[in-house]
Asker: 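The structure that follows is given in the form of structure tokens.
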Amino acid sequence: MEAFLESARKQFEYYKMLGEKTITRLSREELNMQHHSEMNSVATIVKHLHGNMLSRWSNFLVEDGEKPWRQRDNEFEGLDISEEQIMRWWAEGWLCLFDALRYIKPADHDRIIYIRNQGHSITDAVNRQLCHYAYHVGQIALLGKLIMADRWESLSIPKGVSQQFNADHFAKEKQNRHFTDDFLK
């Protein structure tokens with residue numbers, strides 16, 4: 001359980017970093033840009049992630065992950081959100097998540113976590129959210145790439161340098177460490 005939670009924490013940190021790198025590159029206008037009526041803006045996705053994170057991770061071990069106070073439909077409304085508000089939502093949501101992960105102990109391994117009255121093991125509940133957040137951070141990155149076009153800079157290994165990146169890694173001794181260690185410096 002401890003190794004799993006440490007790996008999950010690093011994965012969450014990685015996706016947080018990818019999202020932040022995209023969000024901070026965009027102007028207020030770009031953050032609020034909606035390509036068509038069925039597509040969310042970066043600001044809207046952040047607002048949704050914030051609501052989801054607060055709902056899922058507040059009192060994670062003892063309350064259903066879909067809190068009665070959450071207004072999910074409202075997360076997809078609103079335009080012209082400031083960069084400051086977007087970053088406050090971003091930071092608050094991730095802080096709630098990381099705080100909750102710190103409180104999970106090995107003795108909690110067999111606990112059942114409920115989300116909308118559906119039981120999950122802690123592993124399943126964490127994986128569910130990890131995949132959900134990776135999905136939305138991917139949307140944020142894609143929107144950033146579409147918006148910035150030629151101004152876009154890669155978030156990980158840029159095109160055209162994969163062979164050199166791999167050569168540098170294979171030139172080193174084998175190591176047992178998390179892949180995110182190369183990106184979270």
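The model shown is predicted, which means the values in this text are computed figures rather than measured ones. FYI, the numbering just counts along the sequence from 1.
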Asker: State, with a plain yes or no, whether a side-chain heavy atom of Leu101 is found less than 4.5 Å away from one of Phe60.
Answerer: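 No, too far: nothing below the 4.5 Å cut-off.
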
Asker: Quick check: do Ser58 and Lys67 have side-chain heavy atoms less than 4.5 Å from each other?
Answerer: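 When only atoms from C-beta onward are counted, Lys67 and Ser58 do touch, with a gap below 4.5 Å.
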
Asker: Following the transitive rule for hydrophobic clusters with a side-chain heavy-atom cut-off under 4.5 Å over Ile, Leu, Val, Met, Phe, Trp and Tyr, establish whether Phe4 and Ile104 coincide in one cluster.
Answerer: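 Cluster IDs for Phe4 and Ile104 match.
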
Asker: side-chain contact (heavy atoms from CB on, under 4.5 Å) between His35 and Leu143: does it pass, once the steps are laid out?
Answerer: CA-CA 9 Å; His35 290 275; Leu143 287 170; 3.6 Å; yes

Asker: Could you measure the distance from the NE2 atom of His36 to the CD atom of Glu38? Nearest 0.5 Å is fine.
Answerer: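 Reported value, rounded in 0.5 Å steps: 7.5 Å.
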
Asker: Under a single-linkage definition using a 4.5 Å side-chain heavy-atom cutoff for Ile, Leu, Val, Met, Phe, Trp and Tyr, are Met39 and Ile86 assigned to the same hydrophobic cluster?
Answerer: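 Yes, same cluster.
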
Asker: Hey, are Asp80 and Arg28 close enough for a salt bridge, meaning a charged N less than 4.0 Å from a carboxylate O?
Answerer: yes

Asker: Quick one: does Val42's side chain get under 4.5 Å of Glu30's, heavy atoms only?
Answerer: no

Asker: Determine yes or no for a side-chain-to-main-chain donor-acceptor pair under 3.5 angstrom, with Thr180 supplying the side chain and Gln11 the backbone.
Answerer: no

Asker: Please report the C-alpha distance between Leu130 and Tyr15 in whole Å, then the side-chain angles of each, then the deciding distance to 0.1 Å, and finally whether the side-chain contact (heavy atoms from CB on, under 4.5 Å) criterion is met.
Answerer: CA-CA 9 Å; Leu130 180 59; Tyr15 288 109; 4.2 Å; yes

Asker: Under 4.0 Å between a Lys/Arg side-chain N and an Asp/Glu carboxylate O for Glu153 and Lys21?
Answerer: no

Asker: With a 4.5 Å limit on heavy-atom distance, are the side chains of Thr123 and Asn127 in contact?
Answerer: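 A side-chain contact under 4.5 Å exists here.
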
Asker: Would you say Thr24's side chain and Glu20's backbone share a donor-acceptor pair under 3.5 angstrom?
Answerer: yes

Asker: Other than Phe170, what residues sit in its cluster of Ile, Leu, Val, Met, Phe, Trp and Tyr side chains whose heavy atoms are under 4.5 Å apart, directly or through others?
Answerer: none

Asker: So which heavy atom on Val126 is nearest to which on Ala8, and how close?
Answerer: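 Minimum heavy-atom separation between Val126 and Ala8: CG1-CB, 3.7 Å.
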
Asker: Please check if any side-chain donor atom of Gln129 sits under 3.5 Å from a side-chain acceptor atom of Asn52, or the reverse.
Answerer: yes

Asker: Main chain of Gln118, side chain of His120: is a donor-acceptor contact present, judged purely on distance under 3.5 Å?
Answerer: yes

Asker: If hydrophobic clusters are built from ILVMFWY residues whose side chains come within less than 4.5 Å, do Ile157 and Trp152 share one?
Answerer: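 Yes; tracing contacts between hydrophobic side chains, which count when under 4.5 Å, links both residues.
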
Asker: With rounding to the nearest 0.5 Å, note down the distance linking CD1 in Ile23 to CD1 in Ile140.
Answerer: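 Separation between the atoms: 4.5 Å.
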
Asker: Using a strict threshold of under 4.0 Å (side-chain N to carboxylate O), is an ion pair present between Asp108 and Arg111?
Answerer: yes

Asker: Quick one, Ile147 and Arg25 - any side-chain contact, counting heavy atoms below 4.5 Å?
Answerer: no

Asker: Hey, can you tell me if His48 and His132 have their rings parallel, tilted or perpendicular (30° and 60° cut-offs)?
Answerer: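 Geometry flag for His132 against His48: perpendicular rings.
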
Asker: Hydrophobic clustering (ILVMFWY, side-chain heavy atoms < 4.5 Å, transitive) - are Phe98 and Leu95 grouped together?
Answerer: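 No, Leu95 and Phe98 fall in different hydrophobic clusters.
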
Asker: Counting N and O atoms only, with roles assigned by atom type, does the side chain of Asp64 sit under 3.5 Å from a partner on the main chain of Arg116, one being a donor and the other an acceptor?
Answerer: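 Pair found, side chain donor or acceptor close to backbone of Arg116.
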
Asker: Count the heavy atoms belonging to other residues, nucleotides or ligands that lie under 6.0 Å from OH of Tyr114, then report whether that count exceeds 12.
Answerer: no

Asker: Begin from the C-alpha positions of Glu66 and Arg56 and carry the test salt bridge (charged side-chain N to carboxylate O under 4.0 Å, His left out) through to its verdict.
Answerer: CA-CA 6 Å; Glu66 187 64 19; Arg56 295 294 185 266; 2.6 Å; yes

Asker: Applying the salt bridge (Lys or Arg N to Asp or Glu O under 4.0 Å) criterion to Glu13, which one of Arg9, Lys10, Lys16 satisfies it?
Answerer: Arg9

Asker: To the nearest 0.5 angstrom, please state how far the OH atom of Tyr14 sits from the OG atom of Ser156.
Answerer: 5.0 Å

Asker: Can you confirm whether Asn117 is buried at CG, in the sense that more than 12 heavy atoms of other residues, nucleotides or ligands lie under 6.0 Å from that atom?
Answerer: no

Asker: Holding to salt bridge (Lys or Arg N to Asp or Glu O under 4.0 Å), I want the full list of residues that pass it with Glu83, two or more places apart in sequence or in another chain.
Answerer: none

Asker: Could you report the tightest heavy-atom contact between Thr22 and Ala141, atom names first, then the distance?
Answerer: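 Nearest pair, atom of Thr22 first, then Ala141: OG1-CA, 3.8 Å.
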
Asker: According to a 4.5 Å side-chain heavy-atom criterion applied to Ile, Leu, Val, Met, Phe, Trp and Tyr, with indirect links allowed, do Leu54 and Tyr133 form part of one hydrophobic cluster?
Answerer: no

Asker: With side chains defined as the heavy atoms from C-beta onward, is the minimum distance between Met148 and Leu26 less than 4.5 Å?
Answerer: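 Yes, their side chains come closer than 4.5 Å.
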
Asker: Taking everything shown except Gln175 itself, do over 12 heavy atoms lie less than 6.0 Å from its CD?
Answerer: yes

Asker: Please test Arg70 against Glu75 for side-chain contact (heavy atoms from CB on, under 4.5 Å), starting from the C-alpha separation and ending with a verdict.
Answerer: CA-CA 9 Å; Arg70 183 178 182 203; Glu75 295 166 11; 2.7 Å; yes

Asker: Flag yes if more than 12 heavy atoms outside Glu2 fall under 6.0 Å of its CD atom; otherwise flag no.
Answerer: no

Asker: Using 0.5 Å steps for rounding, measure from the SG atom of Cys96 to the CE atom of Met53.
Answerer: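 If we round to the nearest 0.5 Å, Cys96:SG and Met53:CE are 9.0 Å apart.
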
Asker: Just how far is it from atom CG of Leu61 to atom CD1 of Ile112, taken to the nearest 0.5 Å?
Answerer: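 Going from the CG atom of Leu61 to the CD1 atom of Ile112 covers 12.0 Å.
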
Asker: How many angstroms lie between OH in Tyr103 and CH2 in Trp57, if you round to the nearest 0.5 Å?
Answerer: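 Here the interatomic distance stands at 14.5 Å.
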
Asker: Verify the neighbour count for atom CZ of Phe76: are there more than 12 heavy atoms of other residues, nucleotides or ligands below 6.0 Å?
Answerer: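 For Phe76, atom CZ is crowded (more than 12 foreign heavy atoms under 6.0 Å).
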
